[in-house]
Amino acid sequence: MQLSEFPLTALMEITSRPPLVFMRGEGSWIWDHEGRKYLDYVQGWAVNCLGHSPRAVVDALARQAATLVNPSPAFWNAPSAKLAKLLVDHSAFDRVFFANTGAEANEGAIKLARKWGAKHRGGAYEIATFEHAFHGRTLATMSASDRAGWDKLFEPKVPGFPKARLNDLESVRRAVNERTVAVMLEPIQGESGVLPATDAFLVELRAFTRDRGLLLILDEVQTGVGRTGKLFAYEHAGIEPDIMTLGKGIGGGVPLAALLAREAACCFDHGDQGGTYNGNPLMTAVGCAVMEAVLAPGFLGGVTERGQYLAEALRRLSARRGLGEVRGRGLLLALDLGSEIGGRVVDAARQGGLLLNSPRPHTLRFMPALTVSAAEIDAMLASLDDAIAAVRG
Ligand code: PLP
């Protein structure tokens with residue numbers, strides 16, 4: 001098909017997109033409107049954890065669509081209960097509220113913390129968040145985030161999100177006062193270029209928040225559900241947060257997110273939280289299929305192994321081409337390019353049949369399917385090498 005055959009101008013303009021319409025995907029591969037094939041290291045923005053259209057997701061959708069799509073959130077349904085049980089059985093949390101997007105799950109975490117502050121901390125409502133954080137695009141989650149250009153956008157801001165510096169406990173101490181109810185962070189700041197909180201910092205932060213009677217909220221929208229080689233990234237540090245949010249990977253590509261909390265933090269009264277689509281059986285049936293795949297013996301070990309394989313290969317490429325550091329964990333990695341050529345490398349890679357992401361002008365981010373093969377890692381590196389060579393002339 002020709003690009004002109006698609007009525008693209010009927011869509012609201014919100015970002016610049018390359019002149020491609022994607023039509024079909026399978027595993028690590030995706031095909032455009034001209035039938036051209038690409039190796040996909042974006043994967044729906046780190047959401048297709050089992051790759052494009054995996055059998056488990058297709059079957060769960062088909063089975064559930066033919067059975068029950070939405071009885072309304074005013075009634076129980078079986079897949080949501082099953083998925084909640086799978087999540088609490090494999091995490092530090094006691095209860096789950098399902099949402100549709102990561103931002104909505106984070107909005108729910110903010111509401112839960114504020115409610116807890118109102119009930120147990122004399123009305124404390126501030127949540128210390130971090131420089132370079134990304135928590136979503138609702139008004140509250142934008143205020144909790146710290147993105148260049150967002151400080152003057154959609155004023156007035158939602159108040160109550162003082163910023164600390166990642167891996168700097170002193171800065172957290174400074175951001176906390178008698179109005180503070182929680183500290184909220186991503187274990188790895190993905191959108192800001194894969195900037196990890198160290199395990200030592202997470203341990204310190206857990207001890208600090210416990211001492212001060214504050215909730216610790218982890219935004220695992222990007223890091224959760226196997227992305228870093230553990231089911232949840234907080235496990236690497238051996239800590240247990242009070243609240244966690246999930247999105248992206250939990251749905252394997254469909255809109256599903258979750259807010260998880262320990263019993264002591266579960267303080268919503270009836271009517272405080274809800275939503276027409278929240279916990280619908282169609283999406284939560286997919287979540288069950290994803291969790292069963294990720295929990296299967298050997299799956300997480302495979303993510304760790306291929307993550308190390310990818311990281312080592314990127315380090316060799318970096319050394320050979322004189323680039324910068326490789327950061328991240330599991331299959332959420334970044335390569336520092338040493339100069340602001342990220343956008344041009346992404347364009348050149350796409351022309352060579354590889355989809356990549358550059359979250360910052362000097363950084364490439366790699367977020368393949370967790371099922372990516374070693375051969376698909378080798379193929380990506382060959383294309384990336386060509387793209388870097390083309391950009392550098
Ligand atoms: N939190 C983190 C850490 C994210 O990476 C993202 C999305 O990139 C979000 C929240 C927002 O998720 P969503 O786009 O599903 O609202």
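Each ligand, and each atom within it, is numbered from 1 in the order the structure gives. Please read these numbers as outputs of a predicted model, since none were measured by experiment. Numbers here are sequence positions counted from 1.
Below 4.0 Å from some heavy atom of E191 lie the following atoms of ligand 1, by number and element: 5 (O), 8 (O). Residue N106 approaches ligand 1 through these ligand atoms, each under 4.0 Å from one of its heavy atoms: 1 (N), 10 (C). When each atom of ligand 1 is checked for a heavy atom of T101 under 4.0 Å away, the hits are 15 (O), 16 (O).
At a heavy-atom cutoff of 4.0 Å, ligand 1 is contacted by no atom of T223, backbone or side chain. The part of E186 lying near ligand 1 is the side chain, judged by heavy-atom distances below 4.0 Å. Under 4.0 Å from ligand 1, the heavy atoms of V221 that appear belong solely to its side chain.
Side chain of E186 to main chain of F134: a donor-acceptor pair is present (N/O by atom type, distance under 3.5 Å, no hydrogens or angles). Remark: side-chain polar atoms of R165 are not paired, donor with acceptor, to backbone N or O of S171 under 3.5 angstrom. Proximity of a side-chain donor or acceptor of D336 to a complementary backbone N or O of G338 within less than 3.5 Å is detected. Remark: side-chain polar atoms of N106 are not paired, donor with acceptor, to backbone N or O of T245 under 3.5 angstrom.
Annotation: atom 5 (O) of ligand 1 to nearest protein heavy atom, Q222 NE2, 2.7 Å. Atom 16 (O) of ligand 1 has A103 N, 2.8 Å as its closest protein atom, hydrogens excluded (heavy atom only).
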Evaluate side-chain hydrogen bond (donor to acceptor under 3.5 Å, both in side chains) for R206 paired with T209, printing each intermediate quantity in order. CA-CA 5 Å; R206 177 65 284 189; T209 47; 3.3 Å; yes

Using the rule given for side-chain contact (heavy atoms from CB on, under 4.5 Å), can you reason through Q43 versus V372, listing the C-alpha separation, both sets of side-chain angles and the distance that settles it, and then say yes or no? CA-CA 11 Å; Q43 284 290 355; V372 71; over 6 Å; no

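Nearest-heavy-atom check against atom 15 (O) of ligand 1 across S145, A257, G102 picks out G102.
A side-chain N or O of T223 and one of E220 form a donor-acceptor pair less than 3.5 Å apart.
Considering backbone and side-chain atoms together, D219 places an N or O closer than 3.5 Å to an N or O of ligand 1. In terms of N/O distances under 3.5 Å, ligand 1 is approached by K248.
Tested against Q222, the residues E191, R227, Q189 include a single side chain to side chain donor-acceptor pair (under 3.5 Å) partner, E191.
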